[in-house]
Amino acid sequence: MTQEELFKKLIAHCKEYGFIFPSSEIYDGLGAVYDYGQNGVELKNNIKSYWWDSMVKLHENIVGIDAAIFMHPRVWEASGHVGAFNDPLIDNKDSKKRYRADVLVEDWMAKQEEKIQKEVEKARKRFKENFNEEQYLATSPRVLEIKEKMEAIHARFAEALNANNLDELKQIILDCEIVCPISGTRNWTDVRQFNLMFSTQMGSTADGANTVYLRPETAQGIFVNYLNVQKTGRMKLPFGIAQIGKAFRNEIVARQFIFRMREFEQMEMQFFVQPGTEMQWWNEWKNTRMAWHRALGFGDENYRFHDHDKLAHYANAATDIEFNFPFGFKEVEGIHSRTDFDLGRHQEFSGKKIQYFDPERGESYVPYVVETSIGVDRMFLQIMSAAYTEEKLENGEERVVLRIPAALAPTKVAVMPLVKKDGLPEVARKIIDDLKYDYNVVYDEKDSIGKRYRRQDAIGTPFCVTVDHDTLTDGMVTVRHRDTMQQERIKIEDLRAMVDNEVSFRNLFKTIKA
Ligand code: ATP
């Protein structure tokens with residue numbers, strides 16, 4: 001199965017099993033807007049808890065807020081979003097399709113990497129056990145040619161982005177002979193800038209309506225509350241403010257399912273530090289965040305850092321954590337050193353002093369900020385694409401199983417009476433009554449046990465508990481584990497401890513190793 005086929009199957013699976021539906025589907029959907037279904041919302045809530053608790057509960061010096069989506073319009077002037085929150089777009093004149101110019105070039109570079117990898121694989125086959133990859137990469141004329149071309153384009157690309165040189169960006173697209181995937185032609189328009197913010201009117205026209213924006217990031221809600229939180233919480237540097245909330249971007253090219261949405265959710269934490277210590281904290285947060293991802297057990301090789309070619313107007317260092325999605329390594333989270341840009345600009349635009357009095361240094365200053373910013377939806381997609389597995393069983397049957405880490409699984413336990421009579425449903429209900437205050441538990445009595453197992457596998461339920469006739473006399477149930485499909489008999493009174501051991505955030509947090 002190709003990665004593309006896998007991705008299509010995953011999207012279909014998300015819909016079939018109540019994880020994600022296209023928005024307003026009965027009206028044929030709305031571009032790049034999605035709704036989360038009954039299982040999706042549970043997984044999403046668990047992702048948010050994993051993040052929130054790891055920030056707010058595990059760090060004494062991080063607190064949370066929940067700011068409004070609407071903010072004073074001046075906020076977006078101060079932050080630079082009105083003037084500079086642009087993407088460079090380009091149209092293909094034949095297909096009439098619109099693309100992000102920077103993404104076209106990035107995809108071209110990824111293709112060159114793939115070409116090199118193919119050369120390596122060919123050579124490995126040719127030279128067999130004598131193959132020395134390092135030496136081959138350093139000497140093969142073909143590889144060196146691709147590398148040289150790539151490096152030259154990379155340098156031009158970074159320079160063009162930083163200088164906002166749209167003509168050069170187009171020239172790079174032409175020089176790389178990039179074609180439109182739909183029309184196959186190189187008939188491109190010029191590159192133009194496109195502002196990503198959605199705007200609307202607040203108040204009636206008679207009152208003098210104000211243009212307000214739907215926030216394109218949650219971070220500004222934190223910056224404008226910096227003083228409130230610092231003072232009322234008596235916070236001392238370094239300290240952080242965390243927030244989870246919706247953000248909106250009028251993305252030019254909305255592709256790849258929930259990877260790039262127009263309405264999405266962010267989990268952001270702004271960490272306020274002494275000026276001069278920001279690089280140390282940036283490195284520290286890079287490691288902490290990477291460890292948080294890796295603790296989910298999807299394989300360390302599926303994550304990597306990617307430093308930005310173009311630093312945003314507010315940043316002096318920036319890296320992304322990328323995950324190996326079915327469509328390649330792509331950003332899931334950004335870790336940015338934002339300097340004192342945001343607080344400084346709000347100080348300037350609001351006319352209010354936004355400073356911290358440092359008792360150690362005996363002076364006041366505008367703190368520096370290191371931010372960690374991750375999309376809930378991209379995290380969701382990361383988990384679904386890593387968890388989705390098709391397996392052939394020994395008896396020839398196939399099963400689809402979602403290997404979602406147990407702590408994040410939408411449902412933790414499915415309790416099933418073997419038959420719908422003889423008092424078995426009553427025992428099953430009693431087990432549910434005991435567990436339901438702590439865990440998401442479902443009752444299922446329809447179809448054969450095998451079918452019931454498959455249904456639970458498909459939504460990632462870690463445990464199926466079967467009540468049978470022996471249960472009535474020995475007080476034991478059969479627990480079937482999702483990943484191994486192994487079964488064991490355990491006492492009903494031991495059930496809670498067993499479930500807790502596997503699904504608790506406590507144990508997951510203990511595996512985070514920065
Ligand atoms: P990209 O380069 O993919 O557009 P970005 O660098 O603009 O992303 P940031 O502004 O750093 O993204 O936003 C932080 C995080 O928010 C991203 O790492 C991503 O997880 C999430 N995010 C950003 N834009 C979207 C979107 N349109 N849909 C879903 N998640 C998004």
Side-chain angles (χ1 to χ4, degrees), residues 20 23 30-36 40 44 47-48 51 76 79-81 84-89 99-107 109-110 157 161 193-198 214-222 242-270 282 285-286 289-290 292-293 303-315 317-323 325 327-338 341-342 369-385:
I20 296 172
S23 156
L30 181 67
V33 186
Y34 291 91
D35 297 339
Y36 285 82
K44 201 176 181 208
I47 292 171
K48 290 194 255 184
W51 184 87
W76 305 109
S79 69
H81 283 80
F85 192 53
N86 298 322
D87 273 346
L89 68 88
Y99 299 91
R100 257 174 67 176
D102 55 333
V103 172
L104 285 180
V105 180
E106 277 168 10
D107 286 350
M109 287 196 281
F157 178 58
L161 284 181
Q193 294 283 23
F194 177 80
N195 193 290
L196 299 179
M197 281 202 293
F198 284 102
L214 297 187
R215 64 180 178 199
E217 63 176 23
T218 58
Q220 299 302 326
I222 295 180
Q243 173 169 227
I244 299 179
K246 289 266 181 162
F248 305 82
R249 295 181 188 180
N250 197 3
E251 298 280 1
I252 303 164
V253 198
R255 269 184 308 163
Q256 288 154 336
F257 194 35
I258 56 169
F259 182 81
R260 192 172 297 289
M261 300 158 91
R262 298 204 165 99
E263 171 178 344
F264 58 102
E265 212 165 355
Q266 287 186 315
M267 307 189 277
E268 295 198 300
M269 194 279 298
Q270 310 294 327
W282 180 65
W285 279 109
K286 271 172 70 175
R289 295 304 304 147
M290 185 58 107
W292 182 89
H293 284 276
Y303 299 89
R304 71 180 188 197
F305 286 115
H306 176 254
D307 290 337
H308 286 200
D309 285 323
K310 181 193 179 184
L311 288 178
H313 55 275
Y314 50 74
T319 199
D320 294 334
I321 293 178
E322 293 187 337
F323 179 73
F325 286 99
F327 41 85
F329 273 96
K330 294 274 179 219
E331 167 180 350
V332 184
E333 169 156 10
I335 297 138
H336 311 129
S337 170
R338 291 182 80 129
F341 177 84
D342 300 275
V369 173
V370 172
E371 125 179 306
T372 72
S373 170
I374 172 171
V376 179
D377 312 272
R378 278 196 198 172
M379 189 63 201
F380 191 108
L381 188 57
Q382 170 190 323
I383 291 170
M384 288 302 266
S385 37

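Counting starts at 1 for both ligands and their atoms, in listed order. What you see is a predicted model, and the numbers here were worked out from it, not measured in a lab.
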If the threshold is 4.0 Å, N to carboxylate O, is there a salt bridge linking Arg304 and Glu322?
yes
Nearest neighbour in protein (non-hydrogen) for atom 29 (C) of ligand 1
Phe259 O, 3.3 Å
What do you reckon, does Ile258 have a nitrogen or oxygen under 3.5 Å from a nitrogen or oxygen of ligand 1?
no
Kindly indicate whether the side chain of Phe323, heavy atoms from C-beta on, has any atom under 4.5 Å from the side chain of Leu381.
no
Could you state the interatomic distance from CD (Glu263) to CD (Glu251), rounded to the nearest 0.5 Å?
13.0 Å
Return the closest protein heavy atom for atom 30 (N) of ligand 1 as residue, atom name and distance.
Phe264 CD1, 3.4 Å
If we ignore angles and hydrogens, is there a donor and acceptor under 3.5 Å between the side chains of His81 and Gln220?
no
If the cut-off is 4.0 Å to any non-hydrogen atom of Glu333, which atoms of ligand 1 fall inside it?
18 (O)
Nearest protein heavy atom to atom 20 (O) of ligand 1, by residue and atom, and its distance?
Val332 O, 2.7 Å
Min heavy-atom dist Arg100 to ligand 1 below 4.0 Å:
yes
Do Tyr34 and Asp377 have a side chain donor and acceptor closer than 3.5 Å?
no
Please report whether ligand 1 has a polar contact with Glu251, defined as an N or O pair separated by less than 3.5 Å (distance criterion only).
yes
Among non-hydrogen protein atoms, atom 8 (O) of ligand 1 lies closest to Glu331 OE1, 3.7 Å
For Phe259, does the six-membered ring have the charged nitrogen or CZ of Lys330 within the cation-pi criterion, i.e. under 6.0 angstrom from the centroid and within 45° of the normal?
no
Residue Met261 vicinity, atoms of ligand 1 by number, heavy atom under 4.0 Å:
26 (C), 27 (N), 28 (N), 29 (C)
Taking the six-membered ring of Tyr36 as reference, does the cationic atom of Lys44 (NZ for Lys, CZ for Arg) lie under 6.0 Å from its centre and within 45° of its axis?
yes
His336 and ligand 1 - part of the residue with a heavy-atom distance under 4.0 Å:
side chain
Answer with yes or no whether Asp377 contacts ligand 1, where contact means a heavy atom under 4.0 Å from a ligand atom.
no
Could you list the atoms of ligand 1 found under 4.0 angstrom from a heavy atom of Ser373?
13 (O), 14 (C), 15 (C), 18 (O)
Side chains of Glu333 and Ser373 in contact at under 4.5 Å (non-hydrogen atoms)
no
What residue and heavy atom of the protein are closest to atom 7 (O) of ligand 1, and at what distance?
Arg249 NH1, 3.1 Å
Of all the non-hydrogen atoms in the protein, which one sits nearest to atom 4 (O) of ligand 1, and at what distance?
Arg260 NH1, 2.8 Å
Decide yes or no for Arg262 and Asn250: does some side-chain heavy atom of the first lie under 4.5 Å from some side-chain heavy atom of the second?
yes
How does Asp320 reach ligand 1, by side chain, by backbone, by both or by neither, if only non-hydrogen atoms under 4.0 Å count?
neither
Should Glu217 be listed as contacting ligand 1, given a heavy-atom distance under 4.0 Å as the test?
no
Measure from NZ or CZ of Arg289 to the centre of the six-membered ring of Trp292, then state whether that distance is under 6.0 Å and the direction lies within 45° of the axis.
yes
Name the closest protein heavy atom to atom 16 (O) of ligand 1, giving the residue it belongs to and the distance to 0.1 Å.
Gln266 NE2, 3.3 Å
Any N/O pair Ile374/ligand 1 closer than 3.5 Å:
no
Is Arg378 in polar range of ligand 1, meaning some N or O pair under 3.5 Å apart?
yes
So Arg260 and Arg249, side-chain contact (heavy atoms from CB on, under 4.5 Å) or not? Walk me through it.
CA-CA 9 Å; Arg260 192 172 297 289; Arg249 295 181 188 180; over 6 Å; no
How about Met379 and Ile374: do any of their side-chain heavy atoms sit closer than 4.5 Å?
yes
